Amino acid sequence: MPRTATVRPMLPPQGSLWSRSLLSGVVAGILVGTTEVIAALSLGTLIFSGPLAAFLPYGVGIALVSAMILLAGISLASRIPAVIASVQDSPAVVLAAMAAGIATALSAGQPETLLATVLVALAIATTVSGFTCLALGHFKLGRLVRFMPYPVIGGFLAGTGWLLVAGSFGAMSDYALTWRNVPALLEPQQLILWAPGLAIALLLFFGLRRIRHFWALPALLAGSLALFYLTLGTSGISLEAATRQGLLLGAMGQGTISHPLAARQLLAVDWPAIVAQAGNIAIVAVLSVVNLLLYASALELVVGRDIDLNHELKAAGLAGIASGLAGGLVGYQALSLTTLANRMGARGRLPGLVAAAVCAAVLLAGSSLLAYLPKAMLGGLLFFLGLDFLVEWLVRGWKRLSRIDYAVVVLILAVIALAGLLVGVAVGLLVMVVLFVLDYSRMGAVRLALSGSQRRSNVERCAYHRQVLADDLGKRIFILELQGFIFFGTATAVLDKIQARLTDKDLPGVRYMILDFQRVTGLDSSGVLSFVKGRQAASARNCTLVLTHLTAAMQRRFSLDGITDGAGGVRIFPDLDRGLEWCEDQLLDSEGITFIHVPITLSAQLADSGFEKKQTIRLLNYLERVDFEQDDRLVVQGDEADKLYFIERGTVSVRLELDNGECVRLQTLGLGTAVGEPGMYLGTKCSASVVADSPGIAYCLTQQGLALMEQEDPVLAASFHRLVARLLSERLVATTRTLEAVLK
């Protein structure tokens, strides 16, 4: 029988795969590098505009140096595939505000002092930002910055968008966008400077929303450049005339445009002016970390794998420190450019290194390569970035945010536009704190308010005691289950609840006020003061204040104000169950009914449950008497559940034994109760142990005894089954009442 030939797909040679990867990496690197050059130049122009426009060559130089260092450094240190770093716009806006503040403060000084102070301030801000990222990554604290309120981030980014839009006019014309400068910007000689940039910004904005391809941004930038020069050509404007009119970037000296900070310039630095910008430097650091982590989270979707946030923080921190020491700008992993490189099929570190080489080539080529770059393209890119931020938070934010959060975003934007970034962020944080306090106060510190007849301890008492506690006697216990952080906004509500119940004339007087702190995370001085007042109000009405589930820190804090166990009508218990048990025992004892009406013999107990005396005598034939001492185990967790115990004297506790060796008390049972009936009927293993709390007597019915009863005395067995059903039903009814009270 002939063999069937196996057809194998033809695979390209290994060399061709390597060549394809190399080609895609180089092409992506060149494309990304060119895009980054334009973006970095636009941000450098943003910082060195207005009174700093004379020092634009320094801005261009440090922007390109930063881009080169960041691209190479993060490509080598990051673990994200084909990662691309970029000089970032949001920190650049803050740096621009910082530089403008220094320029205003030193407007009457020497130009050399102004330049040296601005350059050193930029270097310090970038270095501090790098060290902040490095420290957070090293100590694995990257997630902490995510506690920054989302509306504050949104308002800051919206304000950043406005500053980018306003700054773009300063990069393209002689005036930044302010209400005072609007008439000047509308003059023909200024209009011709910024109108092309506005057209480029709108082209990028609407074009990128219609064209989702990764080539869209480079293609639109190239098209904008071609359109600009086509317009110059058709208008008959020469390159020299365009340069004189301010349409082109123009020459910036001979050869390289790298201007490192000289040692002599350090002597001219005005350090007090830099200290005055400490707030902006701090904002740059915080903003860098927040943006980086947000971008890193989004990059996980792009690359299809989890990203080590702390490692990426360290990578960005090291590159940022290097950029700062070189006098550069802030940058880190870029979402858009990394997405572009990955969609082009680039892998590894090659795209970032090639992009860094492109920046180095432009840096070395100097002004001859950049002289003919249109200012409208740089300003248009800034306008586009700012417009994108504004649309994201003012248009899309209307649907995505609650009305209060949206109002906070708009408020921060308005404050930033009027008073600056630092004031805007401060106002935003203050508003969010106030809103948080108001929301938390409305939630309230009281989770549940119950009486002792609605919530019972886990002590299984005889039928008479259960009935007494279910009536008015149980209402003399008042339980407040507290929650959250108790502070000045919520403490008053707790005190009001206490005083309202103490003075309620429609209910029996409260003898025991239980405050449960199991769900309380902490309390401040106002909270402690409210409990001191609550103790005084309770003591005046002969009411004992019972505190449960206090942490060690809470007990220490209460002790400072004299609230300790046994002092001044205060009792403290480890949990609510034991506190309730103590209150119930005290009420029963105070009424003199602890032992009155309590059935002693098993016959009396069963008769109290509706079991006939003749049946009890017959039932005793199938029961075994068990005498137990304290700490004896009647039931062992994990054994077969084949025994049912009737407690005649003494008490036992049902305890759940945990894997760590701890025991949790689930229930305490006394005379007149039964234990073990569910497991015996289900035929399962014992889910908990039953341990004697005190010496006593019990009667045991085994599985074999029950089977014998069903065989020899079916009528008695039927009555016994009804008895067990009644016991289980009573427990179910009690549990249902508690749930109804809790869920109201």
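Computed from a predicted structure; not experimentally measured.
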With sequence neighbours left out, the residues meeting ring pair (Phe, Tyr, Trp, His ring centres under 6.0 Å) with His138 are none
Would you find a donor on one side and an acceptor on the other, under 3.5 Å apart, between the side chain of Ser590 and the backbone of Gln586?
yes
Atom CD in Gln703, atom NZ in Lys643: separation rounded to 0.5 Å?
10.0 Å
Just so I know, are the side chains of Asp577 and Thr548 near enough to count as touching, which here means a heavy-atom distance under 4.5 Å?
no
Side chain to side chain contact (heavy atoms under 4.5 Å, CB included) with Cys583: of Leu469, Ile479, Val546, only one passes, and it is Val546
Just grab all the ring pair (Phe, Tyr, Trp, His ring centres under 6.0 Å) pairs involving residues 690-733, residues at least two apart or on different chains.
Tyr681-His721
Looking at every non-hydrogen atom in both residues, tell me the closest pair between Leu292 and Ala316 and how far apart they are.
CD2-CB, 3.6 Å
Separation between CZ of Phe478 and CG of Leu450, rounded to the nearest 0.5 Å:
8.0 Å
Going by the side chain to side chain contact (heavy atoms under 4.5 Å, CB included) test, name the single residue among Ile617, Leu623, Asn621 that passes it with Leu619.
Leu623
Do the charged groups of Asp565 and Arg571 touch, with an N to O distance under 4.0 Å?
yes
Got a sec, which residues hit side chain to side chain donor-acceptor pair (under 3.5 Å) with Gln667, two or more places apart in sequence or on another chain?
Glu460
Pairwise distance CE(Met554) to NE2(His549) - rounded to 0.5 angstrom
10.5 Å
Considering residues, nucleotides and ligands other than Leu507, do more than 12 of their heavy atoms fall under 6.0 Å from its CG?
yes
Please identify each residue that fulfils side chain to side chain donor-acceptor pair (under 3.5 Å) with Ser719, with sequence neighbours left out.
Gln615, Arg722
May I ask you to check whether over 12 heavy atoms, not counting those of Phe139, lie within 6.0 Å of atom CZ?
no
State whether the number of non-hydrogen atoms from other residues, nucleotides or ligands found under 6.0 Å of Phe487 atom CZ is greater than 12.
yes
Contacts under 3.5 angstrom, residues 493-502 side chains, donor-acceptor by atom type, not counting sequence neighbours:
residue : atom : partner : partner atom : Å
Arg501  : NH1  : Pro508  : O            : 3.4
Arg501  : NH2  : Lys475  : O            : 3.0
Arg501  : NH2  : Pro508  : O            : 2.9

CG/Asp308 to CD1/Ile80 distance, rounded to the nearest 0.5 angstrom?
10.0 Å
Separation between CG of Leu580 and CG of Leu576, rounded to the nearest 0.5 Å:
4.5 Å
Would you please name every residue forming a ring pair (Phe, Tyr, Trp, His ring centres under 6.0 Å) with Phe436, sequence neighbours left out?
Tyr440
May I ask you to check whether Glu657 and Ser689 show a side-chain donor-acceptor distance below 3.5 Å?
yes
Do Phe517 and Phe531 have ring centres separated by under 6.0 Å?
yes
Within the distance-only criterion (no hydrogens, no angle test), does the side chain of Ser694 pair as donor or acceptor with the backbone N or O of Gly650 below 3.5 angstrom?
no
Return the CG to CG distance between Leu134 and Leu313, rounded to the nearest 0.5 Å.
9.0 Å
